[in-house]
Amino acid sequence: MRKQKFIIWTICLFLTFKGFAQCPAPTANISGTQSITQGQSATLTITLTGAAPWSITVNGQVYNNITSSPHQLSVSPATTTTYSISTVSNKCGNGTFSGSATVSVCIPATAVITGTQTINQGQSANLSVALTGNSPWSIMVNGQTYSNITTSPKIISVSPSSNTTYTISSISNPCGVGTKSGSAVVSVCHPATASITGTQTIAVGQSANLSVALTGDGPWSFTLNGQSYTNVSTSPKIIAVSPTANTTYTITNLSNACGAGTSSGAAVVSVCSPATATISGTQTITQSQSANLSVSLTGTSPWSFSLNGQVYSNVTVSPKIVSVNPIETTTYSLNSVSNSCGNGTVSGQALVTVYAAGCDPFENNDTPQKARLINSNAYSSLDHCFNTNADQDWYKWRVNDKTYFILFHSFNYASSSNYKFTLTYTNKTLTVTTMQSGASGSDTYIELYDSDGQTQLAYNDDYGGTLYSRIIYQIPDLPCNKSISIGPNDVTQSIYKASSYIKSSSQTQAIETVFDAKNYILLEPGFKAESGKNFSTKLNGCQFELPTSGLIAHYSFDGTVQDLSGNNHHGTNQGGTFAVNRQGVPNKAISLLNGGSQVVFDNFPSLQGSPFSICFWMKVDTSIVMNANILSKHAAGTNEFKFNIDYNSVGNSYGTHSINYQGLVTSGSGYGGIGIYNLESFIDNNFHFYCFTITNELFAGHEKIFFDAQLKSIQGSHGFSDALGRLSLGDFFSNYQGGFLIDDLRIYNRELSDTEIQLLVQE
């Protein structure tokens, strides 16, 4: 039995070895890693062992009846692909496989430029270049090369001075030269300006010719005192007017294809105009008091008029205030008015109601709707009383175009005796106080309500331990508007609060509205009083907040050269003296004269590597005949930048001066900058405001010079160097003669807007 098993095992072993030797298992190895351009083919090498023919699977693709090794396999991938074998077999069955081959595919570049648009002169436009293929890319647009671009689209900022077509002249990537297409047309529009002239005097019925000089791209459109002129194609535009009264003509709503423009100037046409007189002043007084009536006069002065039979001659001011002392209720009206043009027209009337002194002269004022108006910020009332226990007296008072309601009544409506009160408004604080009237008084109670007459803001009873009351209320600040323009159909809104400049041509405006304006009110033709009401205004509007963002140094020169910004950039005074500033305040400006007087600011931060603005007031000595640096920055003996007064700086134009900014440029040699040339108006022994703003981005930024807050010069930045150096004020040239005063120097590490500069000059 054991011998039989051995024989069987021996036979099996013999058969096994004999079969292995006759049919070995196949093997396959793939190789051929390489790079091609999209659309090309690559050849992979597959090395096979074992008996042919073979079948293999490569990346899911089956290849049968392969009879030779190595086998060359051609592939054309669209993108980078790694190839590997997943099966190999022959007649002996499945075998083993190994290796891989990566075919890297490079996609050629394409570039398409877009961005056709219209900009105003001085603005920039963004062009878009859409890129495909393998990155990074390099392109050339109108001669400018942009390399190592890794994102698409590529945004390119341009600032052409004239109409320009932008195209791509070359495009490449690691595959080589690509294809390009498209174009972008940037059209440059020149904004409109208009200046009106033609001041003159005419007789009634005559006409006057006004001249409007226009610049920028035509045609233009504008409004002259409410009259629209469109599609104007010639300059100057001559306009005939026939006013019936003295009229000031100004240009508004100027525009061209660029949008809104800027206008300046005024033409005053004076007319010998017939007289008109309107009386107003309806009011209530007590016996023995006087009433002031107002007679508003128009036409050519002087005037003469008759009021209730009383003649007033040679009147030269309007309104004419007339004081009357009626002993009973009287209606006042005008009988006649005249001037050099002859008899005129009269209108209006004023009812003066006379009350006997005593109890409750303004009854029936028992509701907010019947509240009595207090038209003063310092008011003392007549003697009052609560004529019944339930009586209440309502008043209304206005400030900053808002109405507040004040209610007086006896405590718990428990008495009907006498009282009077005062109202004051100072430093944004309203104070209302009741007090004794005559020999007796009421236990009073005061309540203050918002403009709806329902929302209670404050109340008081028994002020100071007495029966009388006092409210002290802080009026909240109002938002501050730069300017407000009221159109023909506008009505009073809260936006008219506290503005620097208010212009109105409204026909329906509530005339008794109180406007707050810091600078002035302009009532254009068409604005009229209705129902005998008076237009009233006051020039104590809100104060604008000066720009503080980015303020890195501020010097008021109030006897020192200390930095008031909190950044401790204090200066060292080397011979400067303190003088009277632009507002007439002593020791609030610094005087720097020829002979080496200056202020040095050591360790001052660099102002070249980023945008900056420098603003100051300066008065130049009228004896100046040579050159001087106003403000300069030094590095290793070289002026890194300087603001200077230059003499004879333009060609051979002798005897003229200029204000310049110059900076050491980043490439090449020498200086770049801008100036205001042939400007003699600043040498007039008066302070003028200067502001220089620099955006230090090569070819893309702006350099601007403002004179008295008016932009005088602008151009693209030169891209200035960024060396650290000291800052000096008043670094004179050796041949300079004269001197100057500097007041309120401010330095910012950013470009100020035109609006912010306007705020600074108002300070």
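Computed from a prediction, not measured in an experiment: that's the story for all the values here. Only this structure's heavy atoms are used, side chains among them; waters, hydrogens and symmetry mates stay out.
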Would V315 and L297 count as a side chain to side chain contact (heavy atoms under 4.5 Å, CB included) if you check the C-alpha gap in whole Å, the side-chain angles of each, and the deciding distance to 0.1 Å? CA-CA 9 Å; V315 178; L297 299 144; 3.8 Å; yes
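- The main-chain N or O of I251 is found under 3.5 Å from a side-chain atom of S263 such that the two form a donor-acceptor pair.
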Using the side chain to side chain contact (heavy atoms under 4.5 Å, CB included) rule, take I630 and I742 through it: C-alpha gap first, then chi angles, then the decisive distance, then the call. CA-CA 9 Å; I630 304 166; I742 299 293; 4.1 Å; yes
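- In terms of modelled atom types and a separation under 3.5 Å, the side chain of T403 and the main chain of S451 share no donor-acceptor contact.
- F707 has its ring centre less than 6.0 Å from the ring centre of Y690.
- In terms of heavy atoms, L254 sits closest to A194 at CD2-N, 3.5 Å.
- A pairwise comparison of heavy atoms in T300 and N339 identifies O-ND2, 2.8 Å as the closest pair.
- The shortest heavy-atom contact between L752 and C691 is CD1-SG, 4.3 Å.
- You'll find the side chain of V212 stays beyond 4.5 Å of the side chain of L224, heavy atoms only.
- Minimum heavy-atom separation, I552 to H569: O-CD2, 2.9 Å.
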After noting the C-alpha distance and the side-chain angles of E751 and K704, does the key distance pass the side chain to side chain contact (heavy atoms under 4.5 Å, CB included) rule? CA-CA 10 Å; E751 181 184 17; K704 297 180 183 178; 3.8 Å; yes
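- Residues W397 and Y425 place their aromatic rings such that the two centres sit under 6.0 Å apart.
- N567 and H554 are not linked by any side-chain donor-acceptor pair at a separation below 3.5 angstrom, with hydrogens and angles left out of the test.
- The ring of W617 has its center closer than 6.0 angstrom to the ring center of F689.
- Between the side chain of D558 and the backbone N or O of K588, no donor-acceptor pair lies under 3.5 Å.
- The closest donor-acceptor contact from the side chain of Q283 to the backbone of G281 lies under 3.5 Å.
- Ring geometry for Y555 against F557 counts as parallel: the plane angle stays under 30°, on a 0 to 90° scale with 60° as the upper cut.
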Where do T429 and Y473 land on the side chain to side chain contact (heavy atoms under 4.5 Å, CB included) test, with the steps shown first? CA-CA 6 Å; T429 301; Y473 183 75; over 6 Å; no
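- Side-chain polar atoms of D563 and S565 form a donor-acceptor pair below 3.5 angstrom.
- The shortest distance between side-chain heavy atoms of V268 and N246 does not fall below 4.5 Å.
- Of all heavy-atom pairs spanning V600 and S728, the tightest one is CG2-OG, 4.2 Å.
- For the pair Y312 and V322, the tightest heavy-atom approach, listed with the atom from each and the gap, is OH-CG1, 3.2 Å.
- In this structure, Y379 and F421 have tilted ring planes: the angle between them lies in the 30° to 60° band.
- Judged by distance alone, with hydrogens and angles left aside, the side-chain atoms of S613 form a donor-acceptor pair with the main-chain N or O of R750 at under 3.5 Å.
- At least one side-chain heavy atom of N225 sits under 4.5 Å from a side-chain heavy atom of T250.
- P191 has its side chain within reach of Q121: a pair of non-hydrogen atoms, C-beta onward, lies under 4.5 Å apart.
- Every residue was checked against the side chain to side chain donor-acceptor pair (under 3.5 Å) condition with N573, not counting sequence neighbours, and none meets it.
- The main-chain N or O of A378 is found under 3.5 Å from a side-chain atom of S376 such that the two form a donor-acceptor pair.
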